[in-house]
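Below is one structure, written out as structure tokens; the observations come after it.
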Amino acid sequence: QVQLVESGGGLVQAGGSLRLSCAASGRTFSRYDMGWFRQAPGEERERVAEIHWLGGHTNYADSVKGRFTISRDNAKNTVYLQMNSLKPEDTAVYYCAARAGTQYLYWGQGTQVTVSS
């Protein structure tokens, strides 16, 4: 089992940057593909970015391509989401999750990101 704790959210002006971190417990963290998701009030949860367990393959939602970067440090059991050129529409609760097989089974509690215009 994997426990996930996100941090790094906050309030930032449009055009600014934030880096989210997701610390994982468990010895098998390095074997999980990891993802960042977000959910704004009244909207469905959106997958923002994914990274393969080896770290060499990533996927991004079209809405964040070129602005967000997902990375991981398996030695530190941590996955990151660097968010640049933030827009008000990026405002949401951001969650990290660990995928086993085809499903994201383990989720963090979320961290709020608010981008002011």
Side-chain angles (χ1 to χ4, degrees):
Q1 190 165 354
V2 177
Q3 292 184 326
L4 304 171
V5 179
E6 302 96 336
S7 61
L11 174 64
V12 64
Q13 289 187 335
S17 298
L18 283 174
R19 188 176 82 153
L20 305 183
S21 299
C22 174
S25 64
R27 294 175 294 175
T28 59
F29 167 79
S30 62
R31 294 302 181 99
Y32 290 94
D33 297 341
M34 298 295 295
W36 283 98
F37 294 75
R38 67 186 181 187
Q39 188 167 22
E43 298 188 12
E44 293 187 356
R45 186 171 59 197
E46 174 188 21
R47 186 173 60 196
V48 174
E50 296 179 306
I51 186 166
H52 188 263
W53 67 277
L54 284 175
H57 183 69
T58 57
N59 288 311
Y60 296 93
D62 288 343
S63 57
V64 306
K65 279 182 181 177
R67 300 188 298 121
F68 290 11
T69 302
I70 188 171
S71 61
R72 67 189 297 162
D73 185 338
N74 287 340
K76 295 182 178 179
N77 279 10
T78 303
V79 62
Y80 305 97
L81 185 68
Q82 178 66 44
M83 305 186 295
N84 299 328
S85 302
L86 283 161
K87 304 175 181 180
E89 51 263 44
D90 294 318
T91 295
V93 178
Y94 284 71
Y95 301 89
C96 69
R99 184 170 67 194
T102 60
Q103 295 185 5
Y104 280 94
L105 293 180
Y106 306 110
W107 294 82
Q109 83 289 347
T111 186
Q112 176 71 47
V113 171
T114 303
V115 184
S116 62
S117 57

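When a residue number appears, it is its place in the shown sequence, counting from 1.
Tyr104 and Leu4 fall into different hydrophobic clusters, where Ile, Leu, Val, Met, Phe, Trp and Tyr are joined by side-chain heavy atoms under 4.5 Å apart, directly or via other members. Follow the hydrophobic side-chain contacts under 4.5 Å out from Trp36 and you reach Val12 in the same cluster. Under the 4.5 Å side-chain heavy-atom criterion for ILVMFWY residues, a single connected hydrophobic cluster contains both Val113 and Tyr60. Placement of Tyr32 and Tyr95 in two distinct hydrophobic clusters is found when ILVMFWY residues are connected by side-chain heavy-atom separations under 4.5 Å, directly or transitively. Phe37 and Val79 are members of different hydrophobic clusters when ILVMFWY side chains are connected at heavy-atom separations under 4.5 Å.
The CZ atom of Arg31 lies 10.0 Å from the CG atom of Asn74; values are rounded to the nearest 0.5 Å. Between Gln13 atom CD and Ser116 atom OG the span is 5.0 Å, to the nearest 0.5 Å. The CE atom of Met34 sits 9.5 Å away from atom CG of Asn77, with the distance rounded to the nearest 0.5 Å. Separating the CG atom in Leu18 from the CD atom in Gln82 is a distance of 8.5 Å, to the nearest 0.5 Å.
In terms of heavy-atom proximity, Ser117 sits nearest to Ala14 at CA-CB, 4.4 Å. Across all non-hydrogen atoms, the minimal contact from Val115 to Thr91 is N-OG1, 2.9 Å. Heavy-atom minimum distance, Val2 versus Ala24: CG1-CB, 4.0 Å. The two atoms that bring Glu6 and Cys96 nearest to each other are OE2-N, 2.9 Å, heavy atoms only. Of all heavy-atom pairs spanning Gln112 and Val93, the tightest one is OE1-CG2, 3.2 Å. Nearest heavy-atom pair, Leu81 versus Ala49, reported as atom, atom and distance to 0.1 Å: CD1-CB, 4.2 Å.
Between Leu20 and Met83 the shortest side-chain heavy-atom distance falls below 4.5 Å. With contacts defined as side-chain heavy-atom distances shorter than 4.5 Å, the pair Arg99/Trp53 does not qualify.
Not a single ring pair (Phe, Tyr, Trp, His ring centres under 6.0 Å) links Tyr80 to another residue, sequence neighbours left out. Remark: Tyr94 engages no residue in a ring pair (Phe, Tyr, Trp, His ring centres under 6.0 Å) (not counting sequence neighbours).
Within a 6.0 Å radius of CD in Gln3, other residues, nucleotides and ligands contribute 12 heavy atoms or fewer.
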Which pairs of donor and acceptor atoms, one on a side chain in residues 61-68, lie under 3.5 Å apart (sequence neighbours left out)?
{"residue": "Asp62", "atom": "OD1", "partner": "Lys65", "partner atom": "NZ", "Å": "3.2"}
{"residue": "Ser63", "atom": "OG", "partner": "Arg38", "partner atom": "NH2", "Å": "3.4"}
{"residue": "Ser63", "atom": "OG", "partner": "Glu46", "partner atom": "OE2", "Å": "3.1"}
{"residue": "Arg67", "atom": "NH1", "partner": "Ser85", "partner atom": "O", "Å": "3.0"}
{"residue": "Arg67", "atom": "NH1", "partner": "Asp90", "partner atom": "OD2", "Å": "2.8"}
{"residue": "Arg67", "atom": "NH2", "partner": "Ser63", "partner atom": "O", "Å": "2.8"}
{"residue": "Arg67", "atom": "NH2", "partner": "Asp90", "partner atom": "OD1", "Å": "3.0"}
{"residue": "Arg67", "atom": "NH2", "partner": "Asp90", "partner atom": "OD2", "Å": "3.4"}

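Not a single donor-acceptor pair under 3.5 Å links the side chain of Gln109 to the backbone N or O of Val5. For Arg72 (side chain) and His52 (main-chain N/O), a donor-acceptor pair under 3.5 Å exists by modelled atom type.
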